[in-house]
Amino acid sequence: MLDLAVYAVSPKASRGRRVEEAAPDGRTEFQRDRDRIIHSTAFRRLEYKTQVFVNHEGDLFRTRLTHSLEVAQIARSVARSLRLNEDLVEAISLAHDLGHTPFGHAGQDALNRCMQPYGGFEHNLQSLRVVDILERRYAAFDGLNLCFETREGILKHCALKNARLLGDVGERFIKRRRPSLEAQLANLADELAYNNHDVDDGLRSGLLNIEQLSEISLFARHKKQVLDAYPKLDARRLVHETIRRMISTLVIDLTNQTANNIRKHRPQSVEDVQKAPLLVAFSEPLARQHQELKKFLRDNLYRHYQVCRMTAKARRVVNELFDAFLADPQLLPPQYQTNTRGDKPRMVADYIAGMTDRYAMREHRRLFAVDEI
Ligand code: MG
């Protein structure tokens, strides 16, 4: 039995699936969504897609898959404390990055630039496209036929012109409504997860060092706590003990502040949540410290010259693949040449967006290296 708060999304009140299906046996509608996401092809590909470091750069760095699992873990624990719908939160968290291109943001920016004359490319919208159209495994429908609430939660942001084309899931952008608390939570858990794991990956890669990070209040404070208790701790354990405390502080703050916001606005239904301001939030001081960390990572990790070299290469691979396929769609594998997924540029974008990092590099070699077949 689910013990849900009045402001949580109830599976019984779901607006349903695009293609009607019999109710699932022994699990809720949102558990079924979660299960379909885990069994999808796009989900398995996340293992070989970059978060910050390209997949082949090291075996221990986060990939989109481990990132998504960390997001789900964080979001679920907050959801349980607040009596939100854990299954829905988990489904949204696991699906939130399904539309990511190879090579992280460099890949998405490159593809977006290539697609400018044809409606652009946005990974968040692409995640919805994956679950609505691109997965082809069920007999009765294209996509995964997920519940409305899961689809709406996946669509974090959306330009008005796209919202109008999307029908029901685009409505809230036109009416300027907030998403469900479950969607708000998955969104903040995403940020919380990557800010912390990027510190870990940044240190592990040697692109960041502990001294630099000690300028950042969130890191410095928790590092001091660890060193006060364990003055002789080795660097690896120090990093982990610090990061786990940072995550814990942020999760507790997020839970408490959100509970306060809920008490203040007293939503009695999901409708009330949609009309209220964003309720899932950090407290003012923690939000500031979290932003400080985010800015630090942007300046020192994402713009590190070694990361930039890799992303420049990634951009080139995506650009060249796009140009080659668009100029000659016959180069596409036959299943991508059928015109049922959209116009030609969109077909090419779907094909490239679905690639893993190493598949994109292999495809690039196949097209451009004369001695490769
Ligand atoms: Mg993410």
Side-chain angles (χ1 to χ4, degrees), residues 33-34 37-38 40 42-55 57 60-79 88-112 121-131 134 146 150-158 179-202 243 246-247 250-251 254 278 280-282 287 290-291 293-298 301-302 307 311 314 353-357:
D33 280 3
R34 186 256 339 260
I37 290 159
I38 287 180
S40 70
F43 187 72
R44 282 194 299 283
R45 287 181 180 153
L46 294 177
E47 184 175 1
Y48 302 104
K49 290 194 180 200
T50 300
Q51 184 65 26
V52 175
F53 296 92
V54 176
N55 182 263
E57 289 184 295
L60 294 176
F61 297 129
R62 266 67 173 189
T63 65
R64 292 255 165 229
L65 180 65
T66 58
H67 162 70
S68 301
L69 295 174
E70 290 183 33
V71 175
Q73 179 275 312
I74 289 167
R76 281 182 60 193
S77 59
V78 179
L88 175 58
V89 158
E90 188 181 16
I92 296 171
S93 302
L94 294 177
H96 86 283
D97 270 351
L98 289 180
H100 253 291
T101 60
F103 312 123
H105 282 280
Q108 118 109 18
D109 292 347
L111 197 52
N112 185 26
F121 177 89
E122 212 275 296
H123 69 86
N124 191 224
L125 211 54
Q126 190 70 7
S127 297
L128 189 65
R129 200 168 153 77
V130 167
V131 301
L134 296 178
L146 302 181
T150 310
R151 297 171 57 234
E152 192 188 51
I154 291 171
L155 194 64
K156 266 194 301 211
H157 36 75
C158 176
S180 66
L181 291 172
E182 284 79 358
Q184 293 182 33
L185 176 55
N187 188 19
L188 267 196
D190 180 24
E191 258 189 63
L192 201 164
Y194 68 66
N195 279 333
N196 283 283
H197 65 51
D198 288 351
V199 170
D200 189 35
D201 284 353
I243 293 173
M246 283 162 53
I247 294 175
L250 288 163
V251 165
L254 179 63
L278 283 177
V280 179
F282 294 109
H290 199 224
Q291 279 308 312
L293 175 63
K294 192 174 176 167
K295 183 176 181 314
F296 170 86
L297 287 168
R298 196 174 54 228
L301 182 62
Y302 312 143
V307 174
T311 54
M355 293 178 184
T356 60
D357 298 353

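We count ligands from 1, going down the list as the structure has it; atoms in each ligand are counted the same way. Computed from a prediction, not measured in an experiment: that's the story for all the values here. If you read the sequence from its start, that first residue is 1, and numbering goes on from there.
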Open item on the list: Report whether any nitrogen, oxygen or sulfur of H100 sits less than 2.8 Å from the Mg ion (ligand 1) (N, O or S, backbone or side chain).
Closed with: no

- [ ] Could you tell me which N, O or S atom of D97 is nearest to the Mg ion (ligand 1)?
- [x] OD2

Open item on the list: Suppose we only allow N, O or S atoms; which atom of D190 ends up nearest to the Mg ion (ligand 1)?
Closed with: OD1

Open item on the list: So, of the N/O/S atoms that H67 has, which is the nearest one to the Mg ion (ligand 1)?
Closed with: NE2

Open item on the list: The criterion is side chain to side chain contact (heavy atoms under 4.5 Å, CB included); which residues satisfy it with A183, sequence neighbours excluded?
Closed with: I92, P179, S180

Open item on the list: What I want to check is whether the side chains of N124 and H96 have a donor and an acceptor closer together than 3.5 Å.
Closed with: no

Open item on the list: Please tell me whether S68 and D97 have a donor and an acceptor in their side chains that are separated by less than 3.5 angstrom.
Closed with: no

TODO: Applying side chain to side chain contact (heavy atoms under 4.5 Å, CB included), name anything that partners A79, two or more places apart in sequence or on another chain.
DONE: L84, E86, V89, L185

Open item on the list: From the N, O or S atoms in H96, identify the one nearest to the Mg ion (ligand 1).
Closed with: NE2

Open item on the list: Determine whether T101 and F121 satisfy the following criterion, side-chain contact (heavy atoms from CB on, under 4.5 Å), listing intermediate values before the conclusion.
Closed with: CA-CA 10 Å; T101 60; F121 177 89; 3.4 Å; yes

